[in-house]
Every structure is written in C-alpha cells, then in structure tokens.
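The sequence lines fix the lettering, A, B, ..., with proteins before strands; numbering per chain opens at 1.
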Amino acid sequence: MPRVVSVFLPTLATDRIRRADPSISAETPVVVVSRSGSKRTVAAIDAAAFRAGVRIGMPAAKAQAMISGLHLVDADPNGDTAAIERLALWMLRQYTPVVAMDGPDGIVMDTEGADHLRGGELPMLTGLVNALRGHGLRAHGAIADTWGSAHAIARATRREVIIVPVGETAKAVVNLPISSLRLPPDIVSGLGVLGFRTVGELSATPRAPLTLRFGPEVGRRLDQMFGRLAEPIDPIRTADLIEVIKSFSEPIGAAETIAKYIGKLVVELCAALETRGQGVRRADLIVYRVDNTLQSVRAGTAKPVRDIPHLTKLLCSSIEKIDPGFGIEKLSLTATMIEPFEEKQCISSLVEETIVDVTPLLDSLGNRGQRMYRLAPVESDVPERNVGRVSPVSEKLGQAWPTRWPRPSRMLAHPERIEVIALTPDHPPASMTWRGKRRRIKRGDGPERVFGEWWVRSSEMEAVRDYYSVEDEDGNRFWVYRSGDGVDPATGTAKWFLHGIYG
Amino acid sequence: MPITAANPVISELQNRIRRLEGGAARKGEVLSFGIAEIDAKLPGGGLARGALHEVAGGGADAVHGAAAALFVAGIVARTKGDVLWCLTRPDLFAPALAQAGLHHDRVIYVEADREEDVLTNFEEGLRFGGLGAVVAELVRLPMTASRRLQLAAEASGTIGIALRRWRRPTEAADFGQPTAATTRWRISVLPSEPLPVPGIGRARWLAELIRARAGEAAEFEIGACDATGRISLSPHARDGQDQARRSQHFG
C-alpha cells in the first residue's frame, strides 16, 4: 500500500515573482495576467490581492481599476513548470525515489518506507513545508493512501499539513467538493447542475447512469481516490539522471532472480558512472510489477561510491521488502544523486598503515534508518552545549575539550533537582537527596564556575552555575551544581541540581 | 610454561586445544592490561581480540553504567582504528571518554530506537572487520544472540564489548544468565584515594572478573583509567604493603 504525499503550491506564480524581486513589499498585491488574443484575465493572485478583492478569472482591467498600486506581471507558464520540475528533482534527491509533477501547481510522491529516515511522516511533511516556506513558497501538504485523496485533501484544506491515517481515506474525503476529483471542468459543472456537491454524494450514486451521462472518467477518478484502482506515480526523470533499465519478457519473482538482475544493473550503472568520472550518493531501484504498481528501494551512501559489490549488497539488503506480487516486468536503477568520484592511489601497505574505510558499514547501517554521528567539541562553557553531533564521515579535526576538570561519563538529559545541605557560598554540599535517597557527602571538589551565555539566551545575562564534584560514603560520585553564585540573587535561584554521574 | 617444556605430549594436546578454540586464545592476539596481576588471570595474558566480552556496573552503577562505560572506554582506547558505539540512550558525555584516552574522533555512535536494533548493529559492526572495537549498550543479551556475536567477533578478529546496563537495579539479576561471552566483568565504585588535602582523588573501582573462559574468577581493586586509558592496580592496596614493609624496616 503506498503512502502518497501531495504538495500543493497555491501561489507559486506570485511567490516566484516576489522571490525574483525582493523589493516588492508584503502589502503590495501581486497579480499575474494571462493573455488570449486581446483578452487579459487574472491567472494567479497572492494573498494580498485576494484580500483586496481580486479573484482568478476576473478581467485584468477590472482588477487594475479596483486597486491602485497593483503589481501586474505577465504569466509565465513555462517558467512555473520549470520551477515545479526543479522542486520535484530536489524532492527526488532528498525524500523518496518516486516523485512526479502533479499538474501545474503541485508535486506528488510516494514515501512508503522512506519516512522513517526523516523521523516519521509528521516530521517529514512539516519539514518539507517549512523548507518550501523558507524558499518563499507557500505550500500545503497532505499524506494519504492514494494519489487522488492526497491531491484532493491538500487542495481543499486550509491547514498546511494533514496526515490521513492508513485505511481512513474514505472517511477523510466524503465531504470534499467534487471539484477536487481532478475531473474536466465541463463534467464538474454538469454534475453541479444535477445537484451533486460532495465526493460522498457522488460515490453513493449508482455508477451506470453516471457513466452513461458523463463517460467513464467519473467512475475512474472515484475508484482512484478510494484506492480501488491502482494509480502508479511515474517517477520524474531528466536527461542528466543516469538510468539503466532491464525489462523482462517473462515476469520474474524469486528473490535470487531479483538479486541477479540487480547485480547486472549495478555493473551497467557503474560503467556509466565511470565514463562521467562520477560516483553515486543515492541509487534508486524501482520495481514495476505486472499489476501496474511500483515499488522503490533506495540505497544512500555517505561518500560517492562506484564499488560494484558494495552497491549490490546495499540494494540487495532490502530485497525482502520487495513484494513481487504476480511478477516483476521491469527493473530500473537510477543514480539520483551523483558526485565527482575521487580516485586515490594506494601506497603499499608496507610503507604506511592501512586505514580501513568504514563507510560501507555506515551506509548499510544508515539504510536501515539508524542515526549515526560523532561527537565534537563546540565552543561553549555550558556543559550541555559543549558537545555537538557531526556526521560520522566529516573531517576529523583533532581538537579536544579542556582536560583541567574531570568530567562525568554519564550526563542526565535534564538536570534534576536535589535537596542539599551546604555551607554558602563556596562549600560543596554536606549531604544531598536525589531520587528519594539521602547521601552523606564525604569529599567534594569545586566550585567550577560556569557563566551563562547572554549571546545565546538573554535570560542568561547574569546567570552563573557553580559546579561541584562530590563523592558519597560508598564512592558514588556526582556532578552537582548550584544555580547562582550563592551571594547575588540575580545570578540564580540558589537551587541545587544533579547534572552528571562520574564513573 | 614449565610443564610444556617437560612433557611434549601435553604441549601437543595444548596446541590441539588451542587450534580447536579458534583464533581467540592464540598468543599475541590479546589486548593486555599491562598489569601483570590482572593479565596473569586471563588466558593468553589479556583480553582476547576477536571475542565478545561483557562488562556491567555493580550496585547503583548497574543503572547508570558510568564506571563500566569508562572502564570500557579505557579498553577500547588502547585499540587502533575507529570504534563503533551502539546505544539507545544517548547520555554518554564525550569529554569524559576523551579524559579516559578515547579520542572523540575515533568514536562513531549508532543510535537506535529499539533494543533489537542495537543487537543487529552490534553484530554488523563486528562482522565488518575494519574497526578497532565495537561496543554496545545492552539491557538483555540472550544466549543465542551472544553466540552469534561471539562468532562474528571470531570471524573478523574485532574485539566486541557488551556494556550491560539496566533500567532498574532489580533487572540486574539478568547478569547471572549464561552467555557465550569470553570474559565477564563487573565494575563497582569504591571510595576514592584519600588525599592529604580536601578534595576528590583518582577514582577507584572494584573490578570483578566473574567469568573467564579457560580462566579463573578474580577480583582487583584498581585505579580508574588515566588519560591514555590505562588502569592501575590500586595504590591503596600497595600502600598497605609498603606500610607493612616500612614498619618492618623501622621496627
């Protein structure tokens, strides 16, 4: 069962104009005008123009007469299509192997089995909409079980992000207007004349009279929306994507056969990459089944790769996820993301110590959705900000943390309140109670004063933490701190917290 | 080995046993602690590379695993190459590991959501073969899983350390269950070395070698890892001997 993401860009044309010319103020209404002969009509408007009363389809002269200071631009449908295509290619590289353009103002993609790499469907979709907004594009996103329903929901709703749970498509679409069914305008108006308003009403009507009156299109769109009829998303391809295809005269299905052909495709792909001097960062295998549905497998690598066994192993590791159904009629392998491949001469292992490249291991772990990182120093005195995550393949910097004070090996995610008896201002606690257990402190070291960072948070302007290492009777050692310097109340609340546990 | 020289039959048998045991017990393929008292208790004179080892914290440390983690960090700091550290709870503080000699550039953390994924990552890391060591923080280590891990470690020659860590002290009873690990350690904290001035001295641990394949159980009082990952036999114990000797001298 696919999970389809539909992204709707309602104001793409005007957003592009604003992007190209940042001097247009947010209040100025922007209107795009299309010409046919001598007739000039409004083709697209932005939110400001909508508030001013301009509507799509209105004569341009009327809009100009209504509002002064209107920013009128001629329509550029080819430019809009190119922009959508660029966005679709970007999503193809970032999100999932199956991405296609959906009409002049939207993009559709199948994210089945790809959302876990982005932390689930909600973070993925929210991140996508936010990324588009960051580029100055207003976007609505919806995830549903079918292309038809995701398309309709993304366009009918005012919410920016909507996720329809698996199997609840029918419930989500019954109240949508029939105009969201992707039917030609004359059929929609004809249905309107007959009194149909919503998808639910239409789907409850006997099919035969509808087909007799309007042709098979109505039934087909309804079936596609409810998932009774498969609607494959034909993934977008451009000339600069390297794609190798193997079609079968007899459908294949056995796992060994699939693995065999994956191996052959990888050899072809690597040969094609070699002629260009490139290595692959993302390779997508698309499986076309005889029942007109498709599945995809993506292999991502941390570095550009042209290693045939490694790539084959990565792709074959997810063979069990491929459901061949009644058989596979076509396999296509695409290098979605390529980067220049760096070839290095190997010096004899007698001269220098061989450094083992761990990226194949990282790739195979990464393709199973594990989070991998190295920790690196960050310029900060506040302990929780002192450590940052970097990519496991990033450059090794070699710098380290200052080693003057011993540091605890385990840090609590959030400092925990403790009850403490201590002499102010500068003595370590004499006893502390943490998680209901009272401990008598035998030894203590400190304080190590950590100042707040006002450039990070204004509330830390005067904040101070005094850190102490303490050891109880049994030898358990803790890293505790008092908020504030113990004298000036402006520096903190003088409450005590436990932050880490020493080994 | 005096017996070996004396009796060729026994030496032949010993060789044959060594071959049967696989690469694990062969000499030179061990990571020694560099402390004669500890290495003498371990077959081959150290922790076998290409084998699975188990380390857990004792007492309150069974939950936090702070001392056990540092002990492990000290061991893997003395290996070469990258270290894979598989975990579910990301609460390790890298500066502390760096202070135990494990440079942060060498450690690749693999964070999983589920315990089973940690086992899979652990095994995959061991099987890969190009790493200095693979560490995994595990709550449960079933016999079958540990046998797979041991075989993976033997095949690649990578040292694998299962850092056992529980969510509740009561769960630590699981540590009694048999596993295929070559050695099994329990690290508990001891009060630190007394200093002549107020303050905390070098941390001390009680390292219990609970199980060693082809070896005996033992326990040591050790001083925590220094900046190169080396532990020391507790100077406290040696102080006692020195004291005794000194008193003899004066007496």
Side-chain angles (χ1 to χ4, degrees), chain A residues 116 353-358 360-362 364-366 368-377 383-384 386-387 389-390 392-393 395-403 405-413 428 437 442-446 469-477 479 500-503, chain B residues 57 59-61 64-71 73 80-82 84 86 89-100 103-113 117 120-121 124-125 127-131 187-192 194-195 198-201 203-206 224-225 227:
Chain A
H116 70 281
E353 218 170 311
T354 47
I355 296 159
V356 184
D357 185 18
V358 295
L361 173 68
L362 300 182
S364 80
L365 291 173
R368 284 199 285 104
Q370 315 293 333
R371 294 180 290 279
M372 286 170 304
Y373 50 89
R374 281 207 321 256
L375 297 175
E384 60 265 35
N386 201 358
V387 177
R389 292 183 177 189
V390 296
V393 291
E395 203 68 30
K396 299 190 176 183
L397 295 172
Q399 72 201 106
W401 293 273
T403 54
W405 296 88
R407 288 284 182 241
S409 51
R410 299 277 184 193
M411 291 289 273
L412 301 182
K437 190 174 176 205
K442 293 285 279 187
R443 301 185 182 86
D445 248 344
S469 314
V470 296
E471 181 180 305
D472 72 2
E473 293 164 308
D474 303 327
N476 295 304
R477 296 184 306 142
W479 208 34
I501 298 154
Y502 285 96
Chain B
D61 205 45
H64 309 308
L70 267 196
F71 180 72
K80 277 205 175 64
D82 284 334
L84 203 67
C86 314
R89 283 180 280 174
D91 59 354
L92 274 176
F93 197 46
L97 300 193
Q99 284 174 354
H103 196 267
H104 57 90
D105 272 347
R106 288 182 56 204
V107 193
I108 297 166
Y109 297 89
V110 184
E111 191 183 322
D113 292 325
D117 287 339
T120 324
N121 298 342
E124 200 164 341
R127 219 170 270 289
F128 179 67
L131 296 162
I187 311 296
S188 328
V189 291
L190 292 174
S192 63
L195 292 178
I200 298 182
R204 288 195 314 130
W205 298 326
L206 176 68
C225 303

Novice: Does any heavy atom of chain B fall under 4.5 Å from the side chain of Pro428(A), the backbone, both, or neither of them?
Specialist: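 When you check distances to chain B, no heavy atom of Pro428(A) falls under 4.5 Å.
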Novice: Which bit of Leu195(B) is near chain A, if near means a heavy-atom gap under 4.5 Å: side chain, backbone, both or neither?
Specialist: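 No part of it gets close to chain A.
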Novice: Leu365(A) pairs by side-chain contact (heavy atoms from CB on, under 4.5 Å) with which of Ile108(B), Thr120(B), Val110(B), Asp117(B)?
Specialist: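 Only match with Leu365(A) under side-chain contact (heavy atoms from CB on, under 4.5 Å): Val110(B).
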Novice: Could you have a look at Arg371(A), Lys442(A), Arg410(A) and say which one has the most heavy-atom pairs with chain B under 4.5 angstrom?
Specialist: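 Most heavy-atom pairs under 4.5 Å with chain B: Arg410(A).
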Novice: With a 4.5 Å cut-off on heavy-atom pairs, point out which of Ala227(B), Gly65(B), Gly199(B) contacts chain A the most.
Specialist: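 Greatest number of close heavy-atom pairs with chain A: Gly199(B).
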Novice: What part of Ala224(B) lies closer than 4.5 angstrom to a heavy atom of chain A: side chain, backbone, both or neither?
Specialist: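 Contact with chain A involves no heavy atom of Ala224(B) at all.
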Novice: Chain B: which of Ala413(A), Gly446(A), Ser364(A) shares the most heavy-atom pairs with it under 4.5 Å?
Specialist: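 Sorted descending by pairs with chain B, the first entry is Ser364(A).
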Novice: Check whether Asp82(B) gets within reach of chain A through its side chain, its backbone, both or neither, counting any heavy atom under 4.5 Å.
Specialist: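 It is the side chain, since no backbone atom gets that close.
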Novice: Based on non-hydrogen pairs under 4.5 Å, which of Cys225(B), Ser192(B), Ala73(B), Ser188(B) is most in contact with chain A?
Specialist: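 Looking at each option in turn, the highest pair count goes to Ser192(B).
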Novice: Looking at Met411(A), Arg389(A), Glu473(A), Arg477(A), which one has more heavy-atom pairs under 4.5 Å with chain B than the rest?
Specialist: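 That would be Met411(A).
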Novice: Checking Phe128(B) against chain A: side chain, backbone, both or neither under 4.5 Å from a heavy atom?
Specialist: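 It is the side chain, since no backbone atom gets that close.
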Novice: Heavy-atom cut-off 4.5 Å, strictly under: side chain, backbone, both or neither for Val390(A) against chain B?
Specialist: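 Contact with chain B is absent: no heavy atom of Val390(A) under 4.5 Å.
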Novice: For a 4.5 angstrom cut-off between non-hydrogen side-chain atoms, does Arg368(A) reach Glu124(B)?
Specialist: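 Yes, side chains in contact.
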Novice: Roughly how far apart are Ser409(A) OG and Leu70(B) CG, rounded to 0.5 Å?
Specialist: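 One gets 4.0 Å once the value is rounded to the nearest 0.5 Å.
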Novice: Between Asn476(A), Leu412(A), Ile501(A), which is the residue that forms a side-chain contact (heavy atoms from CB on, under 4.5 Å) with His64(B)?
Specialist: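 The side-chain contact (heavy atoms from CB on, under 4.5 Å) with His64(B) is passed solely by Ile501(A) among Asn476(A), Leu412(A), Ile501(A).
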Novice: Contact part of Ile187(B) toward chain A, heavy-atom cut-off under 4.5 Å: side chain, backbone, both or neither?
Specialist: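 Neither; nothing under 4.5 Å.
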Novice: Pick one of side chain, backbone, both or neither for Leu92(B), based on which atoms fall under 4.5 Å of a heavy atom in chain A.
Specialist: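 Both the backbone and the side chain of Leu92(B) come within 4.5 Å of chain A.
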Novice: Ring-plane angle category for His104(B) and Trp401(A), please: parallel below 30°, perpendicular beyond 60°, tilted otherwise.
Specialist: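 The rings of His104(B) and Trp401(A) stand perpendicular, inter-plane angle above 60°.
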Novice: State, yes or no, whether a side-chain contact exists between Arg407(A) and Gln99(B) at a heavy-atom distance under 4.5 Å.
Specialist: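 Yes; the side chains approach each other to less than 4.5 Å.
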Novice: For Glu384(A), is it the side chain, the backbone, both, or neither that has a heavy atom closer than 4.5 Å to a heavy atom of chain B?
Specialist: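 Contact with chain B: none, neither part.
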Novice: Is it the side chain or the backbone of Tyr373(A) that comes within 4.5 Å of chain B heavy atoms, both, or neither?
Specialist: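 Contact with chain B involves both backbone and side-chain atoms of Tyr373(A).
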Novice: Could you give me the CA-CA distance, side-chain angles and deciding distance for Arg374(A) and Val107(B), then say whether side chain to side chain contact (heavy atoms under 4.5 Å, CB included) is met?
Specialist: CA-CA 6 Å; Arg374(A) 281 207 321 256; Val107(B) 193; 5.9 Å; no
Novice: Could you tell me which portion of Val387(A) (side chain, backbone, both or neither) has an atom closer than 4.5 angstrom to a non-hydrogen atom of chain B?
Specialist: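 Only the side chain of Val387(A) comes within 4.5 Å of chain B.
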Novice: Is chain A contacted by the side chain of Ala60(B), its backbone, both, or neither, given a heavy-atom distance below 4.5 Å?
Specialist: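 Contact with chain A is through the side chain of Ala60(B) alone.
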Novice: Any idea which of Pro383(A), Ala376(A), Gly366(A), Gly500(A) has the most non-hydrogen atom pairs under 4.5 angstrom with chain B?
Specialist: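 Ranked by contacts with chain B, first place is Pro383(A).
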Novice: Given the rule in the side chain to side chain contact (heavy atoms under 4.5 Å, CB included) test, do Val189(B) and Asp474(A) qualify, once you have shown the distances and angles that lead to the verdict?
Specialist: CA-CA 7 Å; Val189(B) 291; Asp474(A) 303 327; 5.8 Å; no
Novice: Answer whether the closest heavy-atom distance between the side chains of Pro198(B) and Arg443(A) falls below 4.5 Å.
Specialist: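 No, side chains not in contact.
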Novice: First locate atom CG of Leu375(A), then atom CG of Leu97(B), and finally report the distance between them rounded to the nearest 0.5 Å.
Specialist: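 CG of Leu97(B) is found 8.5 Å from CG of Leu375(A).
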Novice: Does any part of the side chain of Glu471(A), heavy atoms only, come nearer than 4.5 Å to the side chain of Pro191(B), both counted from C-beta?
Specialist: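 Result yes, sub-4.5 Å side-chain heavy-atom pair found.
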